[in-house]
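Written below as C-alpha cells is the structure these notes are about.
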Amino acid sequence: MKTWTKLAAFVFALVLVFGSAYAVGKLVGPMGGEPATGPAAAAPAAEEEGPGGLMISQESMTLKVLSDSFPAGTKQMFAFQIQERDGKPLTRYKPQHDKLLHLIVARHDLSNFQHVHPTMGSDGTWRIPLTLPEAGEYRVFADFFPAWGKHATTLGADVSASGNYQPKPLPAPSSTAAVDGYTVTMSGKPVAGESSKLTLHVSKDGRPVTDLQPYLAAYGHLVALRDGDMAYVHVHPDGEPGDGKTKPGPEIVFHTEVPTYGAYRMYLDFKHQGVVRTAEFTVNVEGPNPPPHGLSPEEFEKAKDANLGGEEGSESGGEEGESGGGSHEHGG
C-alpha cells in the first residue's frame, strides 16, 4: 500500500472513531442528552457491579494467599491477608450476616464446595483449618466489607491440592437436589442481567420443613458460580428471622441476578436440627446477554448502528487488498 493511501485510511479511521464516539455520547450522556459545556468533570466512582471473585486485586485491595499448596485430603492451616494499597493488611471490617468475612472454596470443576469463616489475628492475617478433599485447582473467594468502604467486595485467588487430578463433569441441569435425606426444589428461572425470583422449597421424607433455623442471620444463603471462569454471585434471601413476616420454611425466596447466559452451579446453605447442609444445582441460563455499558437494548442497538456507519469503508478496504493479488504489506 502506498504511503499516501495508508495516510488516507488512517485519517478515515480517525473520523470514523470520533464520529462514532460522538454518536454514542449523544445516546448515553450526559444527563438529559444535551452536549456538555465547560471542562469535563471526572465521573464518580461506581459501586461494584456484576460478578465478583474474578480478580485477585480490586479497588486498591489485594488477596494475599500465604499458604497456597495443599496435599489433597489433608487438613492444614490456610492463611491469607486482605492487603490495602500500601501493602499493609486490612484490619477493620463491617460485619455481613454475623461475620466479618465469608470464605467460599470450590474446585475449578465446581465440585467440593465449602462456605467457611476464618478467624482474623491482630496482625490482619486470617486463618482456618482447611481440607481440600481431592487433587486439583481450587478457587478461594474472600467476601468482605472494608470498614472504610461503601459496599462489599469479593476477591478471588487459586490454590492447588497436589495428587492425581480427576476432573468431574458438570452434573446435568436439574430443579431438584437431594442432601442427607432432604429434598430441595427450585422454582423460577434466572434471566441474564435481570433480577429473577427463585424459590427454594425444602422437604424431608416427603414433608415440608417448617422449622428451619437461622444461619448467619438468614434461613438460607445462595451462591452461584459460573462454569468456565467461576464468576461469583452471593445472594441473601428476602426477609430475615424474627422480622414478623418471614417464615422458617419450607420456602426460601431469593432475587438473583446472574451476569450472562451459560451454565451455573448454585449452592444453597440451610440449617435444620442443628446442622448446616448444602443443596447443589446445575442451572442453564439462556440468552441473550444484557447489553454492555449499562445500556438498554434500544440504546445499544442505536449505538451499534452509529458505530457500524462506516462498515462499507472497512469492507471496501478489504476488497482493495484482495484486488492487489491478496498480499498485504507490513511495516513501512
Do L132 and Y165 land in one hydrophobic cluster if side-chain heavy atoms of ILVMFWY residues count as linked below 4.5 Å?
no
Testing L90, T153, T62 for side chain to side chain contact (heavy atoms under 4.5 Å, CB included) with I82, which one passes?
L90
Work out which heavy atom in A177 is nearest to a heavy atom in A279; give both atom names and the distance.
CB-CB, 4.1 Å
Any donor-acceptor pair under 3.5 Å linking the side chain of T282 with the backbone of P171?
yes
Side-chain touch H108/D158, heavy atoms, less than 4.5 angstrom:
yes
Backbone N/O of T131 and side chain of Q114: donor-acceptor pair under 3.5 Å
yes
Is there a donor-acceptor pair closer than 3.5 Å between any side-chain N or O of S67 and the backbone N or O of A79?
yes
Any donor-acceptor pair under 3.5 Å from H201 side chain to S187 backbone
no
Hydrophobic cluster membership, with links at side-chain heavy-atom distances under 4.5 Å among I/L/V/M/F/W/Y: are W148 and M120 in one?
yes
Linking I/L/V/M/F/W/Y whenever their side-chain heavy atoms sit closer than 4.5 Å, directly or via other members, would V209 and L198 fall into one cluster?
yes
Among Q96, H234, H97, H115, find the residue that satisfies the side-chain hydrogen bond (donor to acceptor under 3.5 Å, both in side chains) test when tested with H102.
H115
For V191, is there any backbone N or O sitting under 3.5 Å from a side-chain donor or acceptor partner on S196?
yes
Distance in Å, D211 CG paired with K204 NZ, rounded so as to fall on 0.5 Å steps
9.5 Å
Please walk me through it: do T125 and Q81 pass side chain to side chain donor-acceptor pair (under 3.5 Å)?
CA-CA 5 Å; T125 300; Q81 295 175 341; 2.9 Å; yes
Spacing of OH belonging to Y219 relative to CG belonging to L212, to within rounding of 0.5 Å
8.0 Å
Starting at CG of L100, measure out to CZ of R92 and round the result to the nearest 0.5 Å.
11.5 Å
Could you give the distance from CG (L222) to CG (L268), rounded to the nearest 0.5 Å?
6.0 Å
Before we go on, tell me: are the rings of Y93 and W126 under 6.0 Å apart, centre to centre?
yes
Hey, is the main chain of V223 close enough, under 3.5 Å, to the side chain of R265 for a donor-acceptor pair?
no
All heavy atoms of M266 vs all of P190, minimum pair found to be CE-CG, 4.0 Å
Inspect the surroundings of NZ in K189 and state if more than 12 heavy atoms from other residues, nucleotides or ligands are less than 6.0 Å away.
no
May I ask you to decide if G53's main-chain N or O and R139's side chain share a donor-acceptor pair within less than 3.5 Å?
yes
Quick one: does D109's side chain have a donor or acceptor within less than 3.5 Å of a partner on L170's backbone?
no
If you apply the rule ring pair (Phe, Tyr, Trp, His ring centres under 6.0 Å), what do you find for Y138 with F70, and how did you get there?
CA-CA 10 Å; Y138 288 74; F70 285 73; 8.5 Å; no
Say whether, by atom type as modelled, one donor and one acceptor occur between the side chain of Q213 and the main chain of G274 under 3.5 angstrom.
yes
Single-linkage hydrophobic cluster, 4.5 Å side-chain cutoff, F281 and V179 together
yes
Inspect the surroundings of NZ in K247 and state if more than 12 heavy atoms from other residues, nucleotides or ligands are less than 6.0 Å away.
no
So which heavy atom on R107 is nearest to which on M230, and how close?
O-CE, 3.4 Å
Would you say the side-chain atoms of S174 pair up with the backbone N or O of T176, donor to acceptor, closer than 3.5 Å?
yes
Just verifying a value: how many Å separate F78 CZ and R127 CZ, rounded to the nearest 0.5 Å?
12.0 Å
Given side chains that start at C-beta, do those of P241 and Y215 come closer than 4.5 Å, heavy atoms only?
no
pair P237-F254: side-chain heavy atoms closer than 4.5 Å:
yes
Roughly how far, to the nearest 0.5 Å, is the NE2 atom of H221 from the OG1 atom of T278?
11.0 Å
Tell me, do P146 and M61 make a side-chain contact under 4.5 Å, heavy atoms counted?
yes
Beyond-backbone contact of R226 with V258, side-chain heavy atoms, under 4.5 angstrom:
no
Does a side-chain heavy-atom distance below 4.5 Å link E240 with T246?
no
Hits for side chain to side chain contact (heavy atoms under 4.5 Å, CB included) against D205, two or more places apart or cross-chain, chain-then-number order -> none
Grouping I, L, V, M, F, W and Y whenever their side-chain heavy atoms are under 4.5 Å apart, do L130 and L63 come out in a common cluster?
yes
Residue pair I104 / F113, side-chain heavy-atom distance below 4.5 Å:
yes
